[in-house]
Student: 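Before I ask anything, let me first share the structure, which is written out below as C-alpha cells.
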2 protein chains.
Amino acid sequence: MPTRSQCPISNVLDHVGDKWSLLIIRDLMFFNKHAYSDLQNSDEKMATNILSSRLEKLEGDGLISKRVDPNDKRKKVYRLTPAGVDMLPILIEMIVWSSNHAPDLNIPTELVAKARSDRAGLIQDLTSRLTAQLNT
Amino acid sequence: MPTRSQCPISNVLDHVGDKWSLLIIRDLMFFNKHAYSDLQNSDEKMATNILSSRLEKLEGDGLISKRVDPNDKRKKVYRLTPAGVDMLPILIEMIVWSSNHAPDLNIPTELVAKARSDRAGLIQDLTSRLTAQLNT
DNA sequence: ACATTTAACTTTTAAAATGCAAGTTAAATT
DNA sequence: AATTTAACTTGCATTTTAAAAGTTAAATGT
C-alpha cells in the first residue's frame, strides 16, 4: 500500500488497514502463535495465500520478523518487532470497545478490568513479556 | 461483513477493518466534517462510490447517523453516534503509534502530549465535545 | 420564472484483490 | 525408502475497488 497522506491515522491503516493484518498481530501478541500453521488455524480461517501475502507485507513494513526454527528447519518462527509490540494499545482499545458495544462476544474480562483500573501497568506488563520473547 | 468470530478485535475489524471507514470516523471526530462533499475532499481522496458504500455500512452498523440538513435540504449531516464516539481511544492510539514510529508525518503534537500526560482527561474532553454535538 | 449550479449520490466498466482448491518443495518422521 | 508435515505457491472464479461519467432534487443567480 502506497502512503496515502501525511495523516498518522491513515499511516497506521496503510500498514494494517485490512481485515486480516491485525488478527495476525493479535495471534502473535496474545496467543503465542508463532508458526504459519498456527496462524492459519485461528477462528477466522484466513486463506493461505492471503496469510502468506500479509506476512510478507507485515515483515516488509517492519512489524514482524521471520526466521527459521533452529529445532525444525521446516518451521518458520514469526515474531513481533518492537514496532509490532507497540500496536498493543490499539488492540487493547479495540477489546475495550467491544466489551462496551458487543458484550456478548468472548471478552477477556480480566484484561478489560485491568485496562480500566491500571491501563499503564497492563501495557507495561504485556509489553515486557512480549519484548522478552524477542531475545530468545 | 458477516461476523467472522467471537473475538472482540475481529469484531471491531468487521465494522471498520478496511482502508476507509476509520478515515471517515476521523473526519467526523477531529475535523468537524459533516457533509458528503467534506468527506470526499480529505487528503486521501476516496472515490465517491466507496464513500457512499462505507457511509451506508457505518450507518447500518450504528456508528454514524445521517439526517437531512434543515437549512439546506440538499445536504445531509453525518454525525458519530455514541458507539462511533467511543472509537476515539482507538484513533488516539493510532496517532500515538505513528508519533513513535513515523514521526515525519503530520503529528498533532499537542494532542500526543496530552495523551501522554493526561490520557483520561483528553478522552473525557474530546468525548464531551463530540457528545455535545449530538444534541444540536 | 427560468437557467445554472450545487450536493449527494448511482452507474458503468476495467483493474485489482480475495477466496477456494489443488499443487509444490524441503525437511522430519516412520 | 516411503510417508508425513510445514510452509508455502499457483490457477481460476468471484468480489471489491477505482476512476469516470451520469442522475436527481434543491438552491441560487439573473
Side-chain angles (χ1 to χ4, degrees), chain A residues 1-5 10 13-25 27-28 31-61 63-80, chain B residues 1-5 10 13-25 27-28 31-61 63-80:
Chain A
M1 162 100 69
T3 298
R4 291 180 294 170
S5 77
S10 172
L13 298 176
D14 288 347
H15 295 306
V16 297
D18 69 281
K19 294 191 314 190
W20 299 110
S21 298
L22 275 180
L23 297 184
I24 293 173
I25 292 178
D27 286 345
L28 297 174
F31 298 116
N32 266 288
K33 295 185 177 182
H34 294 291
Y36 192 94
S37 51
D38 294 338
L39 296 168
Q40 208 174 150
N41 289 332
S42 36
D43 288 344
E44 296 84 8
K45 295 273 174 284
M46 94 181 78
T48 174
N49 55 338
I50 305 293
L51 174 57
S52 174
S53 78
R54 288 308 182 280
L55 288 171
E56 197 174 339
K57 174 166 164 49
L58 288 170
E59 192 189 4
D61 285 3
L63 297 174
I64 69 173
S65 67
K66 170 187 182 176
R67 63 185 225 197
V68 175
D69 186 333
N71 301 321
D72 183 342
K73 291 183 177 176
R74 291 171 306 176
K75 290 189 180 172
K76 309 290 168 59
V77 182
Y78 291 96
R79 296 171 182 286
L80 294 169
Chain B
M1 163 104 67
T3 299
R4 290 180 294 171
S5 77
S10 171
L13 298 176
D14 288 347
H15 295 305
V16 297
D18 69 281
K19 294 190 313 187
W20 300 110
S21 298
L22 276 179
L23 297 185
I24 293 173
I25 292 177
D27 286 344
L28 296 175
F31 298 116
N32 266 289
K33 296 184 176 183
H34 294 292
Y36 192 95
S37 53
D38 293 339
L39 297 167
Q40 210 175 146
N41 288 334
S42 36
D43 288 344
E44 297 84 6
K45 295 275 172 285
M46 95 181 77
T48 173
N49 55 340
I50 306 291
L51 174 57
S52 174
S53 79
R54 289 306 182 281
L55 288 171
E56 197 174 341
K57 174 165 164 49
L58 289 170
E59 191 190 3
D61 286 3
L63 297 174
I64 68 173
S65 67
K66 170 187 180 175
R67 64 184 222 196
V68 175
D69 187 331
N71 301 321
D72 183 341
K73 290 183 178 176
R74 291 172 305 177
K75 289 190 182 172
K76 308 292 167 61
V77 182
Y78 292 96
R79 294 170 183 287
L80 294 170

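Residue numbers begin at 1 in each chain, while the letters A, B, ... track the order of the sequences.
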Student: Identify whether the distance between the nearest side-chain nitrogen and carboxylate oxygen of R4(B) and D14(B) falls below 4.0 Å.
Tutor: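 Here R4(B) pairs with D14(B) in a salt bridge, since their nearest N and O are under 4.0 Å apart.
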Student: If you take all heavy atoms of L28(B) and R79(B), which pair is closest and at what distance?
Tutor: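 That would be CD1-C, 4.2 Å.
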Student: If the cut-off is 4.0 Å, is S37(B) near the phosphate of dA8(C), judged by side-chain N/O to OP1 or OP2?
Tutor: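 Yes, within the criterion.
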Student: Can you tell me if the side-chain N/O atoms of K76(B) get under 4.0 Å from OP1 or OP2 in dC9(C)?
Tutor: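 For dC9(C), OP1/OP2 do have a side-chain N/O of K76(B) under 4.0 Å.
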Student: Do the charged groups of D61(B) and K57(B) touch, with an N to O distance under 4.0 Å?
Tutor: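 Judged by the 4.0 Å cut-off on N to carboxylate O distance, D61(B) and K57(B) do form a salt bridge.
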Student: What is the distance from CD of Q40(A) to P of dA22(C), rounded to the nearest Å?
Tutor: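 After rounding, the reported distance stands at 15 Å.
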Student: Between L51(B) and Q40(B), which heavy-atom pair has the shortest distance, and what is it?
Tutor: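 It is CD2-N, 3.8 Å.
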Student: Students often get this wrong, so: under 4.0 angstrom with heavy atoms, is K66(B) touching a base, only sugar-phosphate, or nothing?
Tutor: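 Touches sugar-phosphate only.
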Student: Between atom CG in D38(B) and atom C1' in dT6(C), what is the gap in whole Å?
Tutor: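 Checked: the CG to C1' distance equals 13 Å.
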Student: Where along nucleotides 22-30 of chain D does protein come under 4.0 Å, by heavy atom, of base (B) or sugar-phosphate alone (S), with - for untouched nucleotides?
Tutor: ----BS---
Student: Expressed in angstrom and rounded to an integer, what is the separation of L23(A) atom CG from dT18(C) atom P?
Tutor: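 One finds 13 Å between P of dT18(C) and CG of L23(A), rounded.
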Student: The criterion is side chain to side chain donor-acceptor pair (under 3.5 Å); which residues satisfy it with D18(A), sequence neighbours excluded?
Tutor: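 Once residues adjacent in sequence are excluded, the partners of D18(A) under the side chain to side chain donor-acceptor pair (under 3.5 Å) criterion are S21(A), R54(A).
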Student: Tell me: CG of L55(B) to P of dA7(C), nearest whole Å?
Tutor: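 Rounded to whole Å, this separation is 16 Å.
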Student: Please check if any side-chain donor atom of Y36(A) sits under 3.5 Å from a side-chain acceptor atom of T48(A), or the reverse.
Tutor: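 Result is yes, a qualifying pair exists.
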Student: Provide, to the nearest angstrom, the distance between the OH atom belonging to Y78(B) and the C1' atom belonging to dA8(C).
Tutor: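 My rounded result for the distance is 7 Å.
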Student: Produce a footprint string for nucleotides 9-17 of chain D: one letter per nucleotide, 5' end first; B if the base is under 4.0 Å from any protein heavy atom, S if only the sugar-phosphate is, - if neither.
Tutor: BBB-----S
Student: Taking the side chain from H34(B) and the backbone from V77(B), do they hold a donor-acceptor pair closer than 3.5 Å?
Tutor: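 Here the side-chain-to-backbone pair does not exist.
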Student: Specify the separation, in whole Å, of atom CD of E59(A) and atom P of dA7(D).
Tutor: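 In whole Å, dA7(D) P lies 14 Å from E59(A) CD.
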Student: Quick one: M46(B) CE to dA20(D) P, roughly how many Å, whole number?
Tutor: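 Rounded to the whole Å, the gap is 17 Å.
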Student: Can you check the D69(B) CG to dA8(C) P distance for me, whole Å?
Tutor: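 After rounding, the gap between these two atoms is 9 Å.
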Student: Counting distance only, does the side-chain N/O of K45(B) pair as donor-acceptor with the main-chain N or O of S42(B) below 3.5 Å?
Tutor: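 Answer holds: yes.
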Student: What are the two closest non-hydrogen atoms of L39(B) and I24(B), and how far apart are they?
Tutor: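 Looking at all heavy atoms of both residues, the shortest contact is CD2-O, 4.3 Å.
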